[in-house]
Protein chains: 2
Amino acid sequence: MKQANLTAEDWARAALDAIAQGGVAAVSIESLARELKVTKGSFYWHFRSRKALLQAALALWETQETDDIIAMADEISDPRKRIQAVFRAASTSSRSGRLMLALAASSPDPLVAEVMARVTERRLEFIRACYEQLVRSPAEAKRWAAFAYSTFVGSLQLARDNPDALPQGQDMHEYLRLCINTLVPRQPALEPLRKAG
Amino acid sequence: MKQANLTAEDWARAALDAIAQGGVAAVSIESLARELKVTKGSFYWHFRSRKALLQAALALWETQETDDIIAMADEISDPRKRIQAVFRAASTSSRSGRLMLALAASSPDPLVAEVMARVTERRLEFIRACYEQLVRSPAEAKRWAAFAYSTFVGSLQLARDNPDALPQGQDMHEYLRLCINTLVPRQPALEPLRKAG
DNA sequence: CATCGTCCATACGCAGGCGTATTGTGCGAG
DNA sequence: CTCGCACAATACGCCTGCGTATGGACGATG
């Protein structure tokens with residue numbers, strides 16, 4: 001009937017679920033034990049401490065996240081389509097977004113901060129590389145990458161906290177199209193004019 | 001030498017500081033008391049419970065935030081300059097940004113969720129009204145508003161967690177200019193072409 | 001000086017979480 | 001069968017935080 005023996009990864013996955021739902025602070029050994037229908041005795045056989053559990057959960061998240069997204073996007077050669085694919089992929093998985101936002105929110109925790117910094121760095125670098133083929137200078141590519149990533153993260157947050165603010169259904173597609181079209185320059189040398197203000 | 005008697009607002013302000021630094025979970029009466037050099041006895045004279053403190057802090061934040069920003073921006077008549085002003089204002093105050101992100105991260109808490117939803121709603125409505133004068137249809141205005149607000153929130157988060165990702169110093173101005181120029185259509189009827197992909 | 005209200009300190013009970021120590025249970029190997 | 005090991009339950013001490021109860025300290029007021 002039931003899976004008799006738990007593994008360390010089972011605990012790590014449960015921890016990620018808890019994080020997605022209530023943040024890192026919600027990762028308590030005893031509450032996870034209740035959810036897994038066991039007691040602390042089980043936990044302390046698999047892990048030395050709560051800190052070790054968090055490290056395992058973060059490691060699991062890091063590999064999952066990077067593997068899934070980078071692998072998926074690396075198969076697309078056209079840089080424009082690659083950016084679009086990343087955008088669309090991340091806009092669909094709700095849990096993945098919640099998880100990432102919850103982790104980003106726990107940046108005071110140095111354990112989390114280190115992993116988050118590394119993951120964000122890798123994602124930004126990926127996007128930046130896409131833009132390198134679309135704009136004139138490396139500095140421009142960096143700016144566009146930060147711009148696009150910011151929009152992406154912010155949209156996730158808006159979708160989580162104010163779902164009514166993001167147009168739903170058919171209009172959602174229009175919204176995505178607007179973002180993508182705006183964030184992906186059409187000619188290699190296109191950048192907005194500089195006479196604003 | 002010292003302000004002998006604390007007020008309820010002193011406690012609320014301290015709570016906001018704690019939230020900005022460690023999230024809502026970091027608001028503990030006893031730690032705040034330590035910081036304020038008093039004991040719990042003081043707190044429970046001013047407030048009935050921790051929940052009451054959070055409510056007061058949230059109320060304080062809501063009025064401060066809306067008053068400051070809306071009042072500042074309402075004096076600018078040109079919708080383009082108004083959007084730019086909001087963007088620039090929010091990009092400068094570090095504490096304000098941290099605070100907002102910390103609150104957004106605590107959306108599971110229904111107390112926080114309600115306030116956040118209301119504040120975000122008001123801000124989005126403000127931006128949407130600006131765009132109404134810049135684009136053709138109301139639906140477009142809503143999309144642009146969500147787009148711009150997402151970029152804004154995401155930039156805050158990037159600035160907090162990966163300050164190196166956002167170009168610093170002089171390049172920071174370039175980044176802001178890129179975002180603003182891209183996010184503020186120059187002619188009333190301008191929207192990106194629809195033949196992408 | 002006596003008294004009262006305001007503001008805070010002290011002391012307590014209680015709950016929940018971390019980590020440890022000890023004990024139990026099932027199962028494969030010999 | 002029994003022995004040993006992987007896995008889990010139980011019980012404990014400790015800390016931290018919430019909330020309460022009660023007792024000052026101190027200034028205003030009469």
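Sorted by residue number, the members of residues 45-56 of chain B with any non-hydrogen atom under 4.0 Å from DNA chain D read B:Ser49, B:Arg50.
Straight-line distance from the CG atom of B:Asp10 to the P atom of C:dC7: 12 Å, rounded to whole Å. Residue B:Asn5 contributes atom CG, which lies 16 Å from atom P of D:dA25 at whole-angstrom precision. The CG atom of A:Leu32 sits 13 Å away from the P atom of C:dG19 (whole-angstrom rounding). Distance B:Phe43 CZ to D:dC18 P: 8 Å, rounded to the nearest Å.
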Identify each donor-acceptor pair in which a side-chain atom of residues 162-173 of chain A lies under 3.5 Å from a protein atom, sequence neighbours left out, and give them as a table.
unit_1	atom_1	unit_2	atom_2	d
A:Asn162	ND2	B:Ala117	O	3.4
A:Gln168	NE2	A:Pro163	O	3.3

Would you be so kind as to tabulate the donor-acceptor pairs closer than 3.5 Å made by side chains of residues 18-34 of chain B, with sequence neighbours excluded?
unit_1	atom_1	unit_2	atom_2	d
B:Ser28	OG	B:Ser31	N	3.1
B:Ser28	OG	B:Ser31	OG	2.8
B:Glu30	OE2	B:Lys40	NZ	3.1
B:Ser31	OG	B:Ser28	O	3.0

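Taking the side chain to side chain donor-acceptor pair (under 3.5 Å) definition, one finds that B:Tyr149 meets it with B:Arg123, sequence neighbours left out. Considering only residues two or more places apart in sequence or on other chains, A:Phe47 meets the ring-ring contact (aromatic ring centres under 6.0 Å, His included) condition with A:Phe43. Qualifying salt bridge (charged side-chain N to carboxylate O under 4.0 Å, His left out) partners for B:Glu121, counting only residues two or more places apart in sequence or in other chains: none. Remark: B:Phe126 engages no residue in a ring-ring contact (aromatic ring centres under 6.0 Å, His included) (not counting sequence neighbours). In this view, A:Arg118 and A:Glu62, A:Glu114 satisfy the salt bridge (charged side-chain N to carboxylate O under 4.0 Å, His left out) rule, not counting sequence neighbours.
Judged by closest nucleotide on DNA chain C, B:Thr39 is the one of B:Thr39 and A:Val27 placed further toward the 5' end.
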Distances under 3.5 Å between nitrogen or oxygen atoms of protein and nucleotides 12-16 of chain D:
none

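In this structure, of C:dG19, C:dC8, D:dA8, it is C:dG19 that holds the atom nearest to the side chain of A:Ile29.
In terms of hydrophobic clustering, with Ile, Leu, Val, Met, Phe, Trp and Tyr side chains grouped at heavy-atom distances under 4.5 Å, B:Leu156 and B:Met72 are assigned to different clusters.
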